[in-house]
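Here's the structure we're looking at; comments come further down.
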Protein chains: 2
Amino acid sequence: MPAYQRIAAEYRNKIASGALRPGDRLPTEQEVAHAYTVARQTVRQGLATLVAEGLIVAQRPHGYFVRQREHMVYRPQAESRPQPASPEMDRYFQQISSEGRKPSQTIEISLVPASPEIAQRLDVPEGQTVVARRRVRSINGEPVNTNDTHFPLDAVKDSDIMSPEDIPQGTNQRLAELGFAQVRAIDEFFIRMPTPEEVHRLDLAAGTPVALHIVTGYTAEGRPVRCTLNVLPGDRHVIVYEREWE
Amino acid sequence: MPAYQRIAAEYRNKIASGALRPGDRLPTEQEVAHAYTVARQTVRQGLATLVAEGLIVAQRPHGYFVRQREHMVYRPQAESRPQPASPEMDRYFQQISSEGRKPSQTIEISLVPASPEIAQRLDVPEGQTVVARRRVRSINGEPVNTNDTHFPLDAVKDSDIMSPEDIPQGTNQRLAELGFAQVRAIDEFFIRMPTPEEVHRLDLAAGTPVALHIVTGYTAEGRPVRCTLNVLPGDRHVIVYEREWE
DNA sequence: AAGTGGTCTAGACCACGAT
DNA sequence: TCGTGGTCTAGACCACTTA
């Protein structure tokens with residue numbers, strides 16, 4: 001086995017076994033190089049492996065540190081099924097609930113040409129102008145996820161959905177008041193590495209994959225009236241659904 | 001901007017714009033090094049960035065190639081809600097349905113001590129013996145995902161769930177016949193990079209994240225009787241749910 | 001000023017799969 | 001045998017943060 005893989009394996013095992021705990025610092029590159037009698041570049045290759053696996057993070061000039069994941073519960077069903085139905089679910093939320101955090105968000109409204117993904121799901125021609133309501137949601141000032149909702153222009157024009165302010169009752173409720181109540185939605189999840197733009201917008205560490213959650217909402221007539229793209233960093237979320245047999 | 005980032009950006013843009021299409025080959029490291037007048041290691045660093053992003057893959061000794069993703073539809077609701085309810089959903093499956101593929105699977109049964117994750121969800125002491133039914137599901141001989149279901153030993157002992165063979169009607173049906181019909185389930189999804197063991201078992205390319213899908217099934221009495229860990233490679237799946245307003 | 005990781009070079013040899 | 005990417009070295013200089 002190559003030297004860099006042996007180095008990666010050593011620290012991977014130490015992290016898995018708990019010998020190194022989240023927040024702990026690793027030895028410096030030079031110290032590892034001496035310990036293994038290899039060049040510094042070889043050490044860097046080994047540690048880069050663990051960075052790509054999301055196990056450690058380099059914080060210059062402090063050193064390498066073991067990462068931690070904190071999973072906020074992300075529950076797509078919340079908007080269509082406000083109360084959890086089962087006692088198991090209540091228990092789940094009790095265990096993983098968050099306390100004493102300060103949520104905040106930024107909102108931008110823009111008119112944009114529909115990308116292929118949006119156009120297909122909203123059933124409009126590619127490039128047609130749609131309304132985009134882009135949000136970054138944060139907790140304690142740190143970005144947690146993004147939420148970019150797209151509406152057909154004719155559905156929401158002249159409404160307050162187009163103003164870049166919080167809509168307390170929610171855009172779904174406002175959309176319903178405009179005559180476009182949603183009765184059905186399709187959720188899709190794509191798992192991939194983030195784009196550089198997403199890395200910047202969400203301040204992602206290397207080795208952090210994301211889930212792209214696409215929601216398409218339909219009226220009773222079967223018309224799609226909303227397409228939301230949520231970007232969920234893997235180190236900050238657990239996605240939860242509740243299901244019953246029919 | 002460092003040279004290796006310029007190199008990464010060039011090919012990232014070419015892939016995003018379609019100038020390089022899935023399956024296309026990139027120039028060799030040496031060619032890129034000459035083009036940018038940099039050392040080969042610098043080129044390697046740039047291309048390694050794109051490998052980690054999942055955009056390209058190195059196939060020695062053939063060169064670097066643009067990756068492709070083929071998303072099989074993964075529908076957790078299928079086991080509890082056999083028919084899609086909405087016309088939008090039918091359309092979805094028509095668009096992304098798979099044709100003419102040969103599915104296959106391997107099955108292993110073992111008795112294992114419950115890991116913390118399993119023990120917590122099955123509500124048994126950590127380390128208690130549980131039955132594990134481990135499967136690798138393949139299409140055309142290529143692994144697609146893994147499915148490791150765990151049962152409390154007392155629920156399934158002496159039943160054919162413990163034989164390493166296909167159970168045509170499904171383990172949920174057999175479990176129901178044993179008196180443990182499931183009426184409710186919780187789905188959890190964790191997004192992360194794969195472990196080296198998962199990379200090996202599923203033959204994953206570098207830069208491929210996975211979703212860990214954990215299903216916990218409950219009887220009408222609220223007893224958990226099954227905990228399944230599915231590992232879904234991001235380049236092979238789209239996870240789909242259908243939702244209705246209540 | 002010191003020490004960390006980040007970038008880069010110019011070489012070397014190796015492993016592997018095609019031809 | 002050839003050309004590809006994979007591993008490794010011994011150096012160099014830089015950017016950044018903290019002491």
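A salt bridge links Glu198(B) and Arg192(B); the closest N-O separation between the charged side-chain nitrogens and carboxylate oxygens is under 4.0 Å. Look at Arg236(A) and Glu142(A) and you find no salt bridge, because none of the NZ, NE, NH1 or NH2 atoms lies under 4.0 Å from a carboxylate O. The residues Glu79(A) and Arg226(A) are annotated as salt-bridged, a charged nitrogen and a carboxylate oxygen being separated by less than 4.0 angstrom. Using a cut-off of 4.0 Å between Lys/Arg side-chain N and Asp/Glu carboxylate O, Asp148(A) and Arg134(A) are scored as salt-bridged.
A heavy atom lying under 4.0 Å from DNA chain D marks the following residues of residues 49-58 of chain B, by number: Ala58(B).
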Under a 4.0 Å heavy-atom criterion, the protein footprint on nucleotides 11-19 of chain C, written with B, S and -, is -B--BBSS-
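Atom pair Met1(A):CE and dG6(D):C1' shows a separation of 15 Å (rounding to whole Å applied). Spacing between atom CD of Gln30(B) and atom C1' of dC2(D) amounts to 13 Å, rounded to whole angstrom units. One can place OH of Tyr4(A) at 16 Å from P of dG5(D), the figure rounded to the nearest angstrom. Remark: C1' of dT7(D) and CG of Leu47(B) are 16 Å apart, rounded to the nearest angstrom. If you take CZ of Arg44(A) and P of dT7(D), they are 16 Å apart, rounded to a whole angstrom. Atom pair Tyr36(B):OH and dT7(C):P shows a separation of 16 Å (rounding to whole Å applied). Between the NE2 atom of His34(A) and the P atom of dT9(D) there is a distance of 12 Å, rounded to whole Å. The distance between atom CD of Gln5(B) and atom C1' of dT7(C), rounded to the nearest whole Å, is 10 Å.
Contact between the side-chain N/O atoms of Thr42(A) and the OP1/OP2 oxygens of dT9(D) is found at a separation under 4.0 Å. Here Tyr64(A) reaches the OP1 or OP2 of dG6(C): one of its side-chain N or O atoms lies under 4.0 Å away.
Within the nucleic acid shown, Gln45(A) comes within 4.0 Å of sugar-phosphate atoms alone, with no base atom in reach, counting heavy atoms only.
With contacts defined as side-chain heavy-atom distances shorter than 4.5 Å, the pair Ile107(B)/Glu165(B) does not qualify. The shortest side-chain heavy-atom distance between Thr28(A) and Arg25(A) falls under the 4.5 Å cut-off.
In terms of position on DNA chain C, the residue among Gly63(A) and Arg6(B) whose nearest nucleotide sits closer to the 5' end is Gly63(A). Along DNA chain D, the nucleotide nearest to Ala39(A) and the one nearest to Glu29(B) differ in position, and the one closer to the 5' end is contacted by Glu29(B).
In this structure, the side-chain hydrogen bond (donor to acceptor under 3.5 Å, both in side chains) partners of Tyr74(A), at least two apart in sequence or on a different chain, are His213(A), Asn230(A).
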Next item on the list: Walk me through it: do Thr228(B) and Ile214(B) pass the test side-chain contact (heavy atoms from CB on, under 4.5 Å)?
Entry: CA-CA 5 Å; Thr228(B) 303; Ile214(B) 306 183; over 6 Å; no
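Note on ring orientation: taking the six-membered ring where Trp is involved, the planes of Phe189(B) and Tyr241(A) are perpendicular (angle over 60°, cut-offs 30° and 60°).
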